Amino acid sequence: MGNAVQRLCPRRFGGSPEAREPFRDSEAGAPGMSTSRERVPVNTVQLVVSSIGPGAYHSSVVVNGEEYSFSDGGIQTAPGFASHTAMAEQQGKENKPQVIDFGKSHYSGSSLRAKIERYFLPGTYDLLRKNCNSFSDVALFYLVHKRMDGKYRSMEKLGSSFSGLVQGFSGGKYTPNPKAADFDIEQVIKEIDPEKVWSTPGHATGGAVLTDPGAMREARLAALSRADGSAA
């Protein structure tokens, strides 16, 4: 029989005993160990960008053909590149957007929305401080752990430093949105980081600060073992 204990997995039950495939303990693996059954990313991610003026861009993120973009109404979803089509029609010109492939993600579009919607609520849009490109940058980081090319956010970087100047040059057309005043994209990136669980500082018994991920994991496992022992 060997050391591996065999048991029948209910998920594999077919109509006949011959169709039943044994599930081995060795296949299951231990927490933190890689196995042949690791989850494979299957969600296609694309960044879509349209030029709307010198140094100015409109962007959105497409997951499995569904577009996610940000406007004053909050996060919007639509099939294809709907927001870019609407933008081109608004400007009265044909503007073919650039589509950039970002590979595959473990996370779906609905997971993306659920994770970051609280940062991009309706009424919090700001042309310079918190716009469609801010959203796309955050969305890409959550989905594939990559950032948007800085050249697409050059206007925002300039405007955030000289918003008063931009307001004056715009003839009053741009007014800062007070609801976006506290938006900090780098802080949002830190908060939504899927890998931050082992990268944030932890504390061992006695108050010593641990910063090494391996040391933090060992300390937490030791704490769990002590808790199990006291419960027994």
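Just so you know, these numbers come straight off a predicted model, no measurement behind them.
Between D126 and P176, the closest side-chain pair of non-hydrogen atoms falls below 4.5 Å. Residues R118 and E191 are in side-chain contact: their nearest non-hydrogen atoms beyond the backbone lie under 4.5 Å apart. In this structure the side chain of I189 reaches within 4.5 angstrom of the side chain of R147, judged on heavy atoms. The shortest side-chain heavy-atom distance between F81 and V62 falls under the 4.5 Å cut-off. Looking at M148 and S59, their side chains come closer than 4.5 Å, going by heavy atoms from C-beta outward. L140 is listed as a side-chain neighbour of F102, based on a closest heavy-atom distance under 4.5 Å. Contact check for S60 versus F135: no side-chain heavy atoms found under the 4.5 Å cut-off. Counting heavy atoms from C-beta on, the side chains of K179 and Y125 never come closer than 4.5 Å.
With no hydrogens or angles considered, a side-chain donor-acceptor pair links Y152 and Q98 at under 3.5 Å. A donor and an acceptor atom, one from each side chain of D193 and H145, are located under 3.5 Å apart.
Atom CG of L127 sits about 11.5 Å away from atom CG of D72, to the nearest 0.5 Å. From R153, atom CZ reaches atom CG of N133 across 7.0 Å, with rounding to the nearest 0.5 Å. Here T124 contributes atom OG1 and N177 contributes atom CG; the two are 7.0 Å apart, rounded to the nearest 0.5 Å. Note that the CD atom of Q187 and the CD1 atom of I185 stand 12.0 Å from one another [nearest 0.5 Å].
Taking each heavy atom of S110 and S108 in turn, the nearest pair found is OG-OG, 3.0 Å. For the pair A139 and V61, the tightest heavy-atom approach, listed with the atom from each and the gap, is CB-CG2, 4.0 Å.
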Please set out all donor-acceptor pairs under 3.5 angstrom arising from side-chain atoms of residues 40-57, sequence neighbours excluded.
unit_1	atom_1	unit_2	atom_2	d
N43	OD1	N64	ND2	2.9
N43	ND2	S105	O	3.1
N43	ND2	Y107	O	3.3
T44	OG1	K104	NZ	2.8
Q46	NE2	D101	OD1	3.1
S50	OG	H84	ND1	2.6

Quick one, I192 with F141, criterion side-chain contact (heavy atoms from CB on, under 4.5 Å). Give me CA distance, side-chain angles, the key distance, then yes/no. CA-CA 9 Å; I192 67 165; F141 182 81; 4.3 Å; yes
F70 vs S136, test: side-chain contact (heavy atoms from CB on, under 4.5 Å). Steps then yes/no. CA-CA 8 Å; F70 178 62; S136 295; over 6 Å; no
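More than 12 non-hydrogen atoms from other residues, nucleotides or ligands lie less than 6.0 angstrom from CD of E186.
Among residues two or more places apart in sequence or in another chain, the ring pair (Phe, Tyr, Trp, His ring centres under 6.0 Å) test is passed with H106 by none. With sequence neighbours left out, the side chain to side chain contact (heavy atoms under 4.5 Å, CB included) criterion links A78 to E67, A82.
For F183 and F120, the distance between ring centers is under 6.0 angstrom.
Checked by atom type and distance alone, the side chain of N131 pairs as donor or acceptor with a backbone atom of S134 at under 3.5 Å.
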